[in-house]
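Data block below; observations after.
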Amino acid sequence: MDTMKAARLDVTHHTLNVEEVPVPTPGPGQAVIEVKAAGVCLSDVHLLEGLIAPQFLDSEKVTLGHEVAGVVTALGDGVPALPGIEVGSRVLLQAGHRLPNGRILTRGVDYDGGYAEYALAQAETLVPIPDDLPFEQAAIIPDAVSTPWAAIQTSGRVRAGEAVGVWGLGGLGIHAVQLLRLIGASPIVAIDPLEAARERALAVGADVACAPEDAEDAIRQLSPRGLDVAFDFAGVAPVRAQAMASLAPQGRLVIVGLAGRPIEIPSDTAFAYKQLTLRGHYGSEGTDVHQLVALTRTKRLDLSASISGVFPLEEAPEVLERLARKDGNPIRFILQP
């Protein structure tokens with residue numbers, strides 16, 4: 001087979017179409033993966049809408065998809081011996097990789113991703129997955145699960161017993177609640193305008209889930225001194241203002257949601273007096289992905305409830321529209337070639 005189907009974003013005209021393109025051939029240090037599942041992320045919707053744009057793309061089109069799992073079909077020359085990596089291995093792909101100069105390139109943004117029958121990857125970004133971990137669940141680990149995990153562990157530095165608030169209970173925020181429960185954060189306050197989103201937050205471990213207008217009272221009742229850490233997974237100004245106001249002295253606000261908008265500090269005096277910290281967070285590292293796969297292997301982490309629907313690759317444009325409308329209140333839609 002010389003060609004394959006791929007969902008290609010035209011970054012100039014903001015259109016997404018399933019097209020026939022050449023099957024990739026691995027170069028030195030690269031691998032080809034037969035895609036079995038690709039997660040659909042709100043970032044893909046933002047790319048389609050033009051709210052965010054690739055920073056390092058060298059063409060006008062890119063195959064979307066930074067959450068990918070599948071089977072290795074070919075290895076290029078010079079691929080080092082990696083545990084569990086050979087032709088036929090079940091793997092997920094990290095959402096990108098870091099160049100020697102420190103620049104981070106994101107799969108499906110800066111180069112072709114996994115909305116396709118086959119995907120090309122640097123061999124070091126392959127992570128073996130257990131035989132009993134479904135491809136659909138493995139695919140979402142590289143972003144929907146590992147981004148909040150890294151935000152909690154690395155940027156937020158959350159410790160057991162700390163009071164934490166999570167604003168925005170979509171694909172990333174809902175996993176943040178689940179992971180915060182796993183590491184012992186307490187109490188966990190989940191905030192979202194959608195009732196269905198709040199209900200699922202309670203199901204995965206939030207101590208209380210409320211609408212934004214009720215957040216101040218809920219936080220005061222559970223943690224009178226305020227929150228030790230607040231996470232913005234929504235990416236909107238009112239959330240950031242409310243989250244910052246909720247912080248206890250020396251509290252940390254971690255910005256994860258991206259919308260290309262300014263970040264404002266309402267009062268520099270209050271910010272300085274309370275010795276607050278504002279941190280940005282982007283993506284995750286390979287170690288985060290490996291840790292999460294290990295947690296699924298030992299049954300500490302169950303992602304079965306995170307899959308909101310599985311659709312054929314040909315329906316990629318319609319699936320992104322469904323996600324943009326939040327049709328069915330999804331955590332993660334999955335595309336299958």
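The CG atom of Leu172 lies 7.5 Å from the OG atom of Ser43; values are rounded to the nearest 0.5 Å. Note that NE2 of His97 and CG of Asp110 are 9.0 Å apart. Values are rounded to the nearest 0.5 Å. Considering CD1 of Ile188 and CG of Leu202, their distance stands at 11.0 Å, rounded to 0.5 Å. From Arg90, atom CZ reaches atom CG of Leu92 across 10.0 Å, with rounding to the nearest 0.5 Å. Going from atom OG1 of Thr125 over to atom CD1 of Ile33 covers 7.0 Å, rounded to the nearest 0.5 Å. Rounded to the nearest 0.5 Å, atoms CZ (Phe233) and CD1 (Ile191) are 11.5 Å apart.
Within 6.0 Å of atom CG in Asp77, 12 or fewer heavy atoms from other residues, nucleotides or ligands are found, so the atom counts as exposed in its surroundings. Counting non-hydrogen atoms of other residues, nucleotides and ligands closer than 6.0 Å to CZ of Arg325 gives a total above 12. Counted within 6.0 Å of CZ on Arg157, heavy atoms from surrounding residues, nucleotides or ligands total 12 or fewer; the atom is thus considered open. In this structure, Glu216 places its CD atom where only 12 or fewer heavy-atom neighbours from other residues, nucleotides or ligands lie under 6.0 Å away.
In this structure, Lys274 contributes its side chain and Leu247 its backbone to a donor-acceptor pair below 3.5 Å. Proximity of a side-chain donor or acceptor of Arg103 to a complementary backbone N or O of Asn101 within less than 3.5 Å is not detected. A distance-only check finds no donor-acceptor pair linking the side chain of Glu136 to the backbone of Val310 [under 3.5 Å]. Under the 3.5 Å distance criterion, the side-chain polar atoms of Ser146 are matched with a main-chain donor or acceptor of Pro142. Looking at Gln242, its side chain does come within 3.5 Å of a backbone N or O of Pro212 through a donor-acceptor pair. With hydrogens and angles disregarded, no donor-acceptor distance shorter than 3.5 Å links the side chain of Gln275 to the backbone of Gln250. Of the possible donor and acceptor atoms, one in the side chain of Thr73 sits under 3.5 Å from a partner among the backbone N and O of Val32.
Using a 4.0 Å cut-off between charged side-chain N and carboxylate O, Asp112 and Lys61 make no salt bridge. A salt bridge between Asp143 and Arg107 is absent, with no side-chain N of the basic residue lying under 4.0 Å from a carboxylate O of the acidic one. Contact check on Glu315 versus Arg322 returns no salt bridge, with no Lys/Arg side-chain nitrogen under 4.0 Å from an Asp/Glu carboxylate oxygen.
Residue pairs that meet the ring pair (Phe, Tyr, Trp, His ring centres under 6.0 Å) test with at least one member in residues 148-195, sequence neighbours left out, do not exist here. Listed by first then second residue, pairs satisfying side-chain hydrogen bond (donor to acceptor under 3.5 Å, both in side chains) with a partner in residues 185-201 read Arg200-Asn329, not counting sequence neighbours.
In this structure the side chain of Asp132 reaches within 4.5 angstrom of the side chain of Lys299, judged on heavy atoms. Residues Gln137 and Ile129 are not in side-chain contact: their nearest non-hydrogen atoms beyond the backbone lie 4.5 Å or more apart. Residues Val35 and Leu335 are not in side-chain contact: their nearest non-hydrogen atoms beyond the backbone lie 4.5 Å or more apart. The shortest side-chain heavy-atom distance between Thr147 and His281 falls under the 4.5 Å cut-off. Residues Glu213 and Pro193 are not in side-chain contact: their nearest non-hydrogen atoms beyond the backbone lie 4.5 Å or more apart. Side-chain atoms of Arg279 and Arg252, non-hydrogen and from C-beta on, never get closer than 4.5 Å to each other. Inter-residue side-chain proximity for Val109 and Gln55 is flagged as unmet; no heavy-atom pair is nearer than 4.5 Å. For the pair Leu278 and Phe271, the minimum side-chain heavy-atom distance is below 4.5 Å.
Across all non-hydrogen atoms, the minimal contact from Tyr115 to Ala38 is CD1-CB, 4.1 Å. Minimum interatomic distance between Asp10 and Thr12 (heavy atoms only, all atoms of both residues): OD1-N, 2.9 Å. Between Ala37 and Phe135, the shortest heavy-atom contact is CB-O, 3.6 Å. The shortest heavy-atom contact between Ile331 and Ser308 is N-OG, 2.7 Å. Residues Leu42 and Leu323 share a closest heavy-atom pair of N-CD2, 3.6 Å. For the pair Val158 and Ala185, the tightest heavy-atom approach, listed with the atom from each and the gap, is CG1-CB, 4.1 Å.
Scanning for side chain to side chain donor-acceptor pair (under 3.5 Å) contacts around Thr3 gives Glu20, with sequence neighbours left out. Taking Leu48 as the reference, Leu9, Leu16, Leu320 meet the side chain to side chain contact (heavy atoms under 4.5 Å, CB included) condition, with sequence neighbours excluded. Under the rule for a salt bridge (charged side-chain N to carboxylate O under 4.0 Å, His left out), the partners of Arg98 that lie at least two apart in sequence or sit in another chain are Glu285. With sequence neighbours excluded, no residue forms a side chain to side chain donor-acceptor pair (under 3.5 Å) with Glu49.
Between the side chains of Gln122 and Gln94, no donor-acceptor pair is found at a separation under 3.5 Å.
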Stepwise, does the side chain to side chain contact (heavy atoms under 4.5 Å, CB included) test hold for Leu93 with Leu126? CA-CA 5 Å; Leu93 309 185; Leu126 306 184; 3.0 Å; yes
Run the numbers on Val204 and Arg181 for side chain to side chain contact (heavy atoms under 4.5 Å, CB included), then give the verdict. CA-CA 8 Å; Val204 297; Arg181 184 80 179 197; over 6 Å; no
Before you tell me yes or no, could you show the steps for Leu292 and Leu179 under side chain to side chain contact (heavy atoms under 4.5 Å, CB included), namely the whole-Å CA-CA distance, both residues' side-chain angles and the distance that decides it to 0.1 Å? CA-CA 10 Å; Leu292 290 164; Leu179 294 164; 4.0 Å; yes
Test side chain to side chain contact (heavy atoms under 4.5 Å, CB included) on Leu303 and Ile141 and set out the steps. CA-CA 9 Å; Leu303 300 174; Ile141 290 176; 3.7 Å; yes
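Each of Phe231 and Leu227 belongs to its own hydrophobic cluster when Ile, Leu, Val, Met, Phe, Trp and Tyr are linked at side-chain heavy-atom distances under 4.5 angstrom. Neither Val62 nor Leu105 shares a network with the other; the hydrophobic side chains, linked directly or stepwise wherever heavy atoms of I, L, V, M, F, W or Y lie under 4.5 Å apart, form separate groups for each. Cluster membership for Leu133 and Ile140, using ILVMFWY side-chain heavy atoms within less than 4.5 angstrom, is shared. Tracing side-chain contacts under 4.5 Å through hydrophobic residues (I, L, V, M, F, W, Y), one never reaches Val189 starting from Val177; they form parts of separate clusters. Taken together through direct or relayed side-chain contacts under 4.5 Å among Ile, Leu, Val, Met, Phe, Trp and Tyr, Val127 and Ile334 form part of one hydrophobic cluster.
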